[in-house]
Asker: 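This is the structure I have questions about; it appears just below.
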Amino acid sequence: MSNRPELPPEIARRRTFAIISHPDAGKTTLTEKFLLYGGAIQMAGQVRAKGEARRTRSDFMKMEQDRGISVSASAMSFDYDGHRFNLVDTPGHSDFSEDTYRTLTAVDAAIMVIDGAKGVESQTRKLFEVCRLRDLPILTFCNKMDRESRDTFEIIDEIQENLAIDVAPVSWPIGVGRDFVGCYDMLNDRLDLMDRADRNKVAQSIAIEGLDDPRLAENVPEHLLETLREEVEMARELLPSFDRQSFLEGHLTPIWFGSAINSFGVRELMNGIRNYGPAPQPQNSASREIAPEEKPVTGFVFKVQANMDPKHRDRVAFMRLASGHFSRGMKLTHVRSKKPMAVSNPVLFLAADRELAEEAWAGDIIGIPNHGQLRIGDALTEGEALRFTGIPSFAPELLQSVRATDPMKAKHLEKALMQFAEEGAAKVFKPVIGSGFIVGVVGALQFEVLASRIQLEYGIPVRFEGSQFTSARWVTGPKDDVESFAATNKGHMAQDHDGDLVYLTRLQWDIDRIERDHPSLKLSATKEMM
Ligand code: G4P
């Protein structure tokens with residue numbers, strides 16, 4: 001990965017990234033401060049306030065509120081210091097990982113937020129691994145330094161060992177917990193001091209000339225001074241120093257220390273994204289690599305969100321522009337159906353508001369309202385039959401059967417389930433024999449979310465029950481072989497929402513046996529959505 005000097009300035013100034021973290025590390029707080037400095041909101045607290053306003057419109061969000069989890073991902077755009085930041089929000093709860101994984105296919109970099117007292121937590125590690133699969137550059141923000149935190153060297157060691165990545169401190173904390181006064185800027189030799197009295201105030205930044213500068217002693221409490229000097233010297237000697245190339249290739253992560261709630265370290269982190277973060281990167285397709293500076297507009301759908309406004313059963317497909325300069329009203333080709341599609345009312349998500357997008361460039365995320373034509377993995381182009389690669393669809397790890405408590409509502413239930421399947425919220429399998437549906441998810445909480453959404457959005461009370469099956473495998477191979485296999489295994493066969501054949505079982509042994517007895521068939525745990 002590298003920044004490509006030949007990029008048109010409009011593309012070169014874009015930064016499209018996500019924040020990954022374990023719940024409670026401070027992602028929401030950090031997002032809010034980003035929006036504040038990006039001028040997208042005037043006052044801290046608005047993201048939550050707007051969230052609440054949204055919740056009153058859509059009862060589904062009630063679950064988010066009750067449980068304190070974020071169910072839906074969205075994208076937000078704002079300007080910062082001449083740059084356009086596109087922040088793609090990832091749902092934080094581990095049960096929604098599939099959605100999160102897909103979100104990470106739409107960004108060029110990620111910010112990893114960790115809690116200074118807790119270090120690398122389980123969810124952070126999982127998400128980090130996904131970033132690594134894609135060699136995404138990662139910037140690390142160690143949050144909550146205003147609380148008792150671990151020793152700085154210990155935190156850095158833990159990240160290096162746990163995640164097998166080099167960590168370069170670009171700031172160094174001065175004091176911890178109650179004693180935390182700010183950071184030493186390791187790259188620019190500056191002192192950044194936190195204002196404890198005003199949480200929204202930007203840190204005071206003082207230029208100094210190295211560790212012997214008398215201004216250091218004037219501004220840092222005496223009892224912290226010696227430790228600071230020792231630690232910074234040791235860090236410079238023992239730890240990797242920041243190397244941009246290595247960062248862009250995903251081998252090294254720069255780490256900032258701060259306190260999001262006190263607005264401390266946030267601006268420095270944003271400057272880091274602006275200065276070092278990658279501009280929009282080329283995207284892979286089955287036939288060739290798509291460079292952002294190519295003139296024709298291309299893009300892929302990585303998320304579909306339904307019922308954002310329950311009054312209109314609309315869906316918004318989130319598309320990452322891979323190349324070109326898009327303008328409103330453009331006619332693009334929907335590659336899967338080979339049909340033209342006039343994109344007349346695309347939406348840009350400016351902070352928490354939706355706004356019509358007049359234009360967008362490679363790297364941007366636009367929302368396209370539609371009635372279900374657009375699905376995850378779909379490509380829109382100016383004619384080229386592109387198939388973007390890399391958006392995974394995971395085999396569900398949990399299966400349950402679902403039925404409407406009122407049998408008269410069965411038909412409606414089918415419609416609701418199909419919609420969630422298209423949205424990517426769950427896998428829905430219709431067994432070849434019998435009635436009813438089997439729903440597959442990657443995390444148990446998703447069953448509850450689905451039940452709640454089906455009730456709220458479609459008015460159908462449903463019951464999920466244990467299924468006799470525990471695994472699902474997509475069956476592919478020569479047509480005749482697949483058909484004769486399906487005919488002799490009817491009790492195990494089902495179709496997914498695309499009509500593709502799936503084999504359901506509760507025994508891994510079964511899968512092994514079929515693979516042995518039917519070498520022409522392939523049983524796969526994933527189905528690429530593109
Ligand atoms: P998340 O989105 O990653 O789940 O985290 P979120 O920002 O919601 O933060 C989780 C909790 O941590 C919140 O407290 C938040 O105020 C607090 N927090 C965030 N940044 C800092 C920080 O720099 N220092 C300290 N001390 N706390 C921080 P809460 O009590 O759960 O919610 P709230 O009542 O404050 O909203």
Side-chain angles (χ1 to χ4, degrees), residues 17-37 41 43-52 54-55 61 63-76 87-97 99-100 103 110-128 138-150 152 155 171 173-183 192-203 255-270 351-352 445:
F17 59 96
I19 302 181
I20 60 171
S21 64
H22 193 83
D24 235 29
K27 191 179 71 169
T28 311
T29 312
L30 186 65
T31 303
E32 190 164 88
K33 298 294 161 120
F34 274 15
L35 297 177
L36 193 64
Y37 294 143
I41 55 173
M43 199 169 39
Q46 284 197 345
V47 173
R48 270 172 242 257
K50 290 221 168 154
E52 263 144 38
R54 210 171 40 222
R55 273 171 208 127
M61 299 293 172
M63 238 188 98
E64 266 189 47
Q65 198 178 10
D66 293 349
R67 297 208 168 226
I69 53 172
S70 152
V71 180
S72 48
S74 57
M76 284 167 280
L87 170 55
V88 186
D89 190 25
T90 52
H93 198 281
S94 59
D95 274 11
F96 301 98
S97 44
D99 216 11
T100 311
T103 296
I111 294 174
M112 172 167 78
V113 181
I114 59 171
D115 180 326
K118 296 184 178 153
V120 177
E121 295 174 85
S122 58
Q123 180 74 350
T124 323
R125 184 172 312 124
K126 274 205 215 165
L127 292 165
F128 177 87
I138 294 174
L139 305 99
T140 303
F141 185 73
C142 184
N143 192 28
K144 305 198 188 182
M145 294 306 290
D146 59 315
R147 284 209 192 143
E148 282 315 314
S149 309
R150 295 203 200 153
T152 313
I155 295 170
S171 77
I174 309 170
V176 284
R178 270 170 214 231
D179 263 353
F180 180 68
V181 293
C183 281
D192 298 321
L193 299 176
M194 185 168 94
D195 189 333
R196 275 196 186 250
D198 185 349
R199 285 187 153 183
N200 291 325
K201 201 157 163 197
V202 175
I255 183 168
W256 283 262
F257 293 85
S259 168
I261 199 117
N262 289 296
S263 311
F264 184 79
V266 178
R267 214 171 244 283
E268 290 71 17
L269 177 64
M270 290 175 92
L445 193 59

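Counting convention: from 1, in listed order, for ligands and their atoms alike. Sequential numbering from 1 along the given sequence is applied to the chain's residues. Heavy-atom basis, side chains included; hydrogens, waters and symmetry copies ignored.
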Asker: Is there a donor-acceptor pair closer than 3.5 Å between any side-chain N or O of Lys33 and the backbone N or O of Ile261?
Answerer: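 Pair found, side chain donor or acceptor close to backbone of Ile261.
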Asker: Closer than 4.0 Å to some heavy atom of Thr29 - which atoms of ligand 1 meet that?
Answerer: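 With Thr29 as reference, the close atoms of ligand 1 come out as 6 (P), 7 (O), 9 (O), 15 (C), 19 (C).
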Asker: Strictly under 4.0 Å, does any heavy atom of Asp24 approach an atom of ligand 1?
Answerer: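 Contact check Asp24 vs ligand 1: positive.
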Asker: Tell me, please, which residues at least two apart from Arg267 pass salt bridge (charged side-chain N to carboxylate O under 4.0 Å, His left out).
Answerer: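 Once residues adjacent in sequence are excluded, Arg267 has no partner under the salt bridge (charged side-chain N to carboxylate O under 4.0 Å, His left out) criterion.
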Asker: Under 3.5 Å, N or O to N or O, is Pro23 touching ligand 1 that way?
Answerer: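 No, Pro23 has no N/O under 3.5 Å of an N/O on ligand 1.
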Asker: For Arg147, counting its heavy atoms only, list the atoms of ligand 1 lying under 4.0 Å from any of them.
Answerer: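 Taking each heavy atom of Arg147 in turn, ligand 1 has 26 (N), 27 (N) under 4.0 Å.
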Asker: Which is closest to atom 3 (O) of ligand 1 in terms of heavy atoms, Lys27, Glu148, His22?
Answerer: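 Among Lys27, Glu148, His22, the closest heavy atom to atom 3 (O) of ligand 1 belongs to Lys27.
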Asker: Would you check the N or O atoms of Leu30, main chain and side chain alike, for any that come under 3.5 Å of an N or O of ligand 1?
Answerer: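 Between Leu30 and ligand 1, no N or O pair is found under 3.5 Å apart.
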Asker: Over all heavy atoms of both residues, which pair between Met194 and Ser259 is shortest? Give the atoms and the distance, please.
Answerer: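 Between these two residues, the closest heavy atoms are SD-CB, 4.4 Å.
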Asker: Measure across Arg125 and Val120 and return the closest heavy-atom pair with its distance rounded to 0.1 Å.
Answerer: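 In this case the closest contact between Arg125 and Val120 is NH2-O, 3.9 Å.
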Asker: Using distance alone, decide if ligand 1 has a nitrogen or oxygen within less than 3.5 Å of any nitrogen or oxygen in Asn262.
Answerer: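 In fact, backbone or side chain, Asn262 has no N or O that close.
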Asker: Suppose we screen for salt bridge (charged side-chain N to carboxylate O under 4.0 Å, His left out). Which residues come up paired with Asp24, at least two apart in sequence or across chains?
Answerer: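 If we apply the salt bridge (charged side-chain N to carboxylate O under 4.0 Å, His left out) test to Asp24, skipping adjacent residues, there are no hits.
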Asker: For Ser259, counting its heavy atoms only, list the atoms of ligand 1 lying under 4.0 Å from any of them.
Answerer: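 Counting atoms of ligand 1 from 1, those under 4.0 Å from Ser259 are 22 (C), 23 (O), 24 (N).
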Asker: Could you tell me whether the side chain of Asn143 and the main chain of Ala260 form a donor-acceptor pair under 3.5 Å?
Answerer: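 Side chain of Asn143 to backbone of Ala260: a pair is present.
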Asker: Would you kindly specify which portion of Asn143 sits under 4.0 Å from ligand 1, judged on non-hydrogen atoms: side chain, backbone, both or neither?
Answerer: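 Just the side chain.
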Asker: Under a 3.5 Å distance rule, please check whether Ser171 uses its side chain to pair with a backbone N or O of Phe257 as donor and acceptor.
Answerer: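 Side chain of Ser171 to backbone of Phe257, a donor-acceptor pair under 3.5 Å: yes, one is there.
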